[in-house]
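Next up is a structure, given as structure tokens.
No hydrogens, no waters, no symmetry mates; every other heavy atom, side chains included, goes into these values.
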Amino acid sequence: MALTKMGYSVCLIENDQHPRFAIGESSTPIADMILRDLADDYDLSFLKKLSRYGEWQRNHPEVVCGLKRGFSYYHHKKGQSFSSDKNHNSELLVAASENDQNSDTNWLRSDVDHFLVNKAVETGVCFFDQTNIQKLSRDPKKERWSIFLETSQRIKEVKSNWIIDASGSPQFSSNFLNTQSHSSGFKTHSSAIYTHFEEVAHWLDYLKLKGLKTSDYPYNPDFSALHHLIEEGWIWMLRFNNNRLSAGMLLDESAQKKYSDNIPEESWKSIIQQYPSLQDLFIDAEIAKSPNQFIKTGRLQRKLNRVYGNGWVVLPHTAGFVDPLHSTGIAYTLSGVEVLLKLFHPSVNKKERKELLKSYEDKIYSELSVIDLLVSMCYKTRGLFDLFSACTMIYFIASIRYEQKRLAGETPDTFLCAGHPEIRKIIEDSFAQIQNLNLDKLSESQINQEIKKFRKRIEPFNTVGLMNPELNNMYQHTAVEL
Ligand SMILES: Cc1cc2nc3c(=O)[nH]c(=O)nc-3n(C[C@H](O)[C@H](O)[C@H](O)COP(=O)(O)OP(=O)(O)OC[C@H]3O[C@@H](n4cnc5c(N)ncnc54)[C@H](O)[C@@H]3O)c2cc1C
């Protein structure tokens, strides 16, 4: 849509048909900020209305989303019901907005993507669905692609100077653009099993029923990105306004091996059964009509060896992926969209564009490596909740720094300030600290010593009081003023 507004003639090719199921549903303050800026910069005012829960409900209640007040984490022990103390020693709640009106959202992607595609058509984008790209060829003299599209009725040829691969997978570019995707170098090793459910009980009701203290919660955790840490990995729960729940289980390398022969539903059930509180929560759960099945992935971590070439470039989710922990996906994609739009501005000449593409590639690799370190240290420490919470704070430091820069009117060069030397050093040093620990043998006092080092490290950027022991893991006010 933004390219159309800039004067380009744009053709959008989708091999599926909207509305269709898609994963990647939890937005963040960064995603919302970028949406607002795209709305202003490219005269796409409706995007602004999707950037805050209140405005979304006032303007587009028909497009289903859910309220996402923050990030909530609960530590479960195998074979035991969830327990915590009055200081919330197994819970961490971090508010990302101060109220429901300004809150982030969980996107029911089938609805949101359908809405966006309709808007694209209204804006003048030429849209083909249920269409496969059958063949590509490029005339180097004219610098033009011939793209052969196969629909159910016919084969059609489209000519274009540029291809933007927004397919969210390495498949297309490896088939047609001679790229390779690999997992080497990633510290994180995870795979996922996920689906949508109906009739899943509310976690807050469960906690209250069990007499756990919730009176000082900054928000209702059912309306947040709800994470349950388990031995095998972690589970996400994202609730939508139609009471559907997106839930997925991330398995670390050893759990993935252990359950590799099982069908996804069996793995899901057998793991949930080992955590009594989660079992209680899912007791009446039914799989939703869409997608009507459990979906199982292989290892999620992947990276393309090139992200651009002559007349083509890929979006971040095509370039690579780490893991859903910290909900980086939508924001990361939007940050890539923002950069590519600048690069395609008609005032940018060929030579400048080439340089910008190179820096886009460097940026993508630097960002993927930072996301990997942030996620990996959390996986490593998830059995030691205090240390896990400290690692999570490193993500919040990077993301708050990024938000503050945007609010000051700057657009940081890299997502999560991955290229900011001091922020990067904080992330690298924290990861190295965790990697050098023998996590199975740490005493409580050693853990406290390690946490002190984290607290000291983030001090120069800690403007919102993260890691303040007096807050008992309940953060009411980390959100930057919107
Ligand atoms: C298990 C999991 C959980 C996630 N959870 C989160 C989360 O909570 N929050 C978050 O922000 N992100 C999350 N993500 C990441 C998120 O899914 C992506 O960042 C986001 O979907 C990227 O959007 P996209 O439009 O680039 O790609 P996609 O959403 O993948 O869309 C690509 C589109 O291209 C179409 N397509 C594919 N191949 C072709 C082809 N050859 N020809 C034509 N069309 C094609 C597809 O049908 C699809 O419509 C998660 C990812 C995974 C794997």
Side-chain angles (χ1 to χ4, degrees), residues 71-78 89-92 94 183-193 225 227-236 248-259 271 274-275 297-303 320-328 367-399 416 418 423-458 466-467 473:
F71 295 81
S72 319
Y73 307 86
Y74 292 84
H75 183 214
H76 294 253
K77 292 190 180 135
K78 200 170 261 196
N89 66 354
S90 304
E91 302 151 88
L92 169 65
V94 184
S183 301
S184 54
F186 282 101
K187 316 283 182 204
T188 312
H189 194 301
S190 62
S191 62
I193 300 171
H227 303 67
H228 297 279
L229 308 183
I230 56 174
E231 261 179 39
E232 292 76 4
W234 63 278
I235 291 169
W236 84 69
M249 189 180 271
L250 276 299
L251 305 180
D252 70 6
E253 189 174 2
S254 66
Q256 186 191 359
K257 276 192 193 135
K258 184 170 171 192
Y259 292 94
I271 293 171
Q274 299 172 58
Y275 298 90
T297 72
R299 185 175 180 190
L300 288 169
Q301 296 70 47
R302 58 175 171 82
K303 185 167 81 176
F321 185 60
V322 181
D323 186 274
L325 192 66
H326 304 319
S327 308
T328 48
E367 291 162 341
L368 280 171
S369 78
V370 152
I371 296 170
D372 183 36
L373 297 182
L374 288 168
V375 168
S376 169
M377 66 176 122
C378 289
Y379 265 88
K380 286 181 193 301
T381 53
R382 69 188 188 278
L384 300 169
F385 193 68
D386 289 345
L387 209 46
F388 167 87
S389 300
C391 289
T392 305
M393 293 303 153
I394 305 298
Y395 160 73
F396 287 112
I397 283 290
S399 95
L416 292 177
I423 295 288
R424 196 170 178 105
K425 186 161 167 28
I426 288 178
I427 296 169
E428 286 173 348
D429 288 353
S430 302
F431 175 81
Q433 182 188 335
I434 294 299
Q435 199 175 30
N436 289 330
L437 291 174
N438 186 346
L439 293 166
D440 296 332
K441 299 220 165 111
L442 285 182
S443 66
E444 210 170 309
S445 77
Q446 283 169 320
I447 293 175
N448 288 334
Q449 287 308 314
E450 298 300 330
I451 290 171
K452 265 191 195 158
K453 292 182 201 164
F454 271 73
R455 193 173 288 121
K456 180 116 194 65
R457 189 175 293 133
I458 65 171
L466 297 174
M467 298 189 77
N473 289 338

Open item on the list: Test of understanding: with salt bridge (Lys or Arg N to Asp or Glu O under 4.0 Å), list the residues that count as partners of E91, not counting sequence neighbours.
Closed with: none
TODO: Report yes if some heavy atom in the side chain of I394 is under 4.5 Å from a heavy atom in the side chain of L373; otherwise report no.
DONE: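 Contact flag for I394/L373 side chains = no.
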Task: Gap between atom OG1 of T297 and atom CZ of R302 - 0.5 Å precision - done: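 R302 CZ to T297 OG1: 10.5 Å, rounded to 0.5 Å.
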Task: Inter-residue atom distance K257.NZ - H189.NE2, 0.5 Å rounding - done: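 NE2 of H189 is found 6.5 Å from NZ of K257.
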TODO: List for me each residue that meets side chain to side chain donor-acceptor pair (under 3.5 Å) alongside Y275, sequence neighbours excluded, and say none if there are none.
DONE: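 For Y275 the side chain to side chain donor-acceptor pair (under 3.5 Å) partners, ignoring immediate neighbours, are E232.
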TODO: Hey, could you give me each pair passing salt bridge (charged side-chain N to carboxylate O under 4.0 Å, His left out) that has a residue in residues 371-393? Not counting sequence neighbours.
DONE: D252-R382
TODO: For the residue pair M393 and F454, establish whether any side-chain heavy-atom pair is separated by less than 4.5 Å.
DONE: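 Result no, sub-4.5 Å side-chain heavy-atom pair not found.
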TODO: Go through the structure and list residues passing side chain to side chain donor-acceptor pair (under 3.5 Å) with H75, not counting sequence neighbours.
DONE: none
- [ ] Determine the minimum heavy-atom distance between S191 and G298, stating which atoms define it.
- [x]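 S191 and G298 have their closest heavy atoms at CB-O, 3.3 Å.
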- [ ] Mind jotting down which residue pairs meet the salt bridge (charged side-chain N to carboxylate O under 4.0 Å, His left out) criterion with at least one end in residues 426-436? Sequence neighbours excluded, please.
- [x]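 Non-adjacent pairs meeting salt bridge (charged side-chain N to carboxylate O under 4.0 Å, His left out): R424-E428, K425-D429.
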Task: Side chain proximity check, F71 to S327, heavy atoms < 4.5 angstrom - done: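 When only atoms from C-beta onward are counted, S327 and F71 do touch, with a gap below 4.5 Å.
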TODO: Sequence neighbours left out, what passes ring-ring contact (aromatic ring centres under 6.0 Å, His included) with F388? Give chain and number order.
DONE: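 Applying ring-ring contact (aromatic ring centres under 6.0 Å, His included) to F388 gives Y73, F385.
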Open item on the list: Please give me the minimum heavy-atom distance between M377 and I427, naming the atom from each residue.
Closed with: CE-O, 3.8 Å
Open item on the list: With rounding to the nearest 0.5 angstrom, report the CG to OG1 distance, L325 to T188.
Closed with: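 Rounded to the nearest 0.5 Å, the CG-OG1 separation comes to 8.5 Å.
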- [ ] Check for a donor-acceptor pair, side chain of H227 on one end and backbone N or O of S72 on the other, with a separation under 3.5 Å.
- [x] yes
TODO: Carefully, step by step, assess L387 and L439 under the rule side chain to side chain contact (heavy atoms under 4.5 Å, CB included).
DONE: CA-CA 10 Å; L387 209 46; L439 293 166; 3.8 Å; yes
Open item on the list: I want to check something: taking the side chain as every heavy atom from C-beta on, are V322 and S376 in contact at a cut-off of under 4.5 Å?
Closed with: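 Heavy-atom side-chain distance check fails, nothing below 4.5 Å.
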TODO: Please round to the nearest 0.5 Å and tell me the distance separating atom CG of N473 and atom CE of M467.
DONE: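 Rounded to the nearest 0.5 Å, the CG-CE separation comes out at 10.0 Å.
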TODO: Give the minimum heavy-atom separation between Y379 and L250, together with the two atoms involved.
DONE: OH-CB, 3.2 Å
Open item on the list: With a 4.5 Å cut-off on side-chain heavy atoms, are V370 and I423 touching?
Closed with: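 No. Closest side-chain heavy atoms not under 4.5 Å.
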Open item on the list: On a heavy-atom basis, which atom in Q446 and which in K441 lie closest, and how many Å separate them?
Closed with: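 Result for this residue pair: OE1-O, 3.6 Å.
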Task: CD on Q433 to CG on L437, rounded to 0.5 Å - done: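 The CD atom of Q433 is 6.0 Å from CG of L437, to the nearest 0.5 Å.
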Open item on the list: Nearest 0.5 angstrom please: I371 CD1 to L416 CG, how far?
Closed with: 6.0 Å
- [ ] Report yes if the side chains of I193 and Y259 come closer than 4.5 Å at any heavy-atom pair, otherwise no.
- [x]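 Result no, sub-4.5 Å side-chain heavy-atom pair not found.
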Task: Flag for S190-D323: side-chain donor and acceptor within less than 3.5 Å - done: yes
Open item on the list: Ring-plane angle category for H326 and Y395, please: parallel below 30°, perpendicular beyond 60°, tilted otherwise.
Closed with: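 Plane angle under 30°, so parallel.
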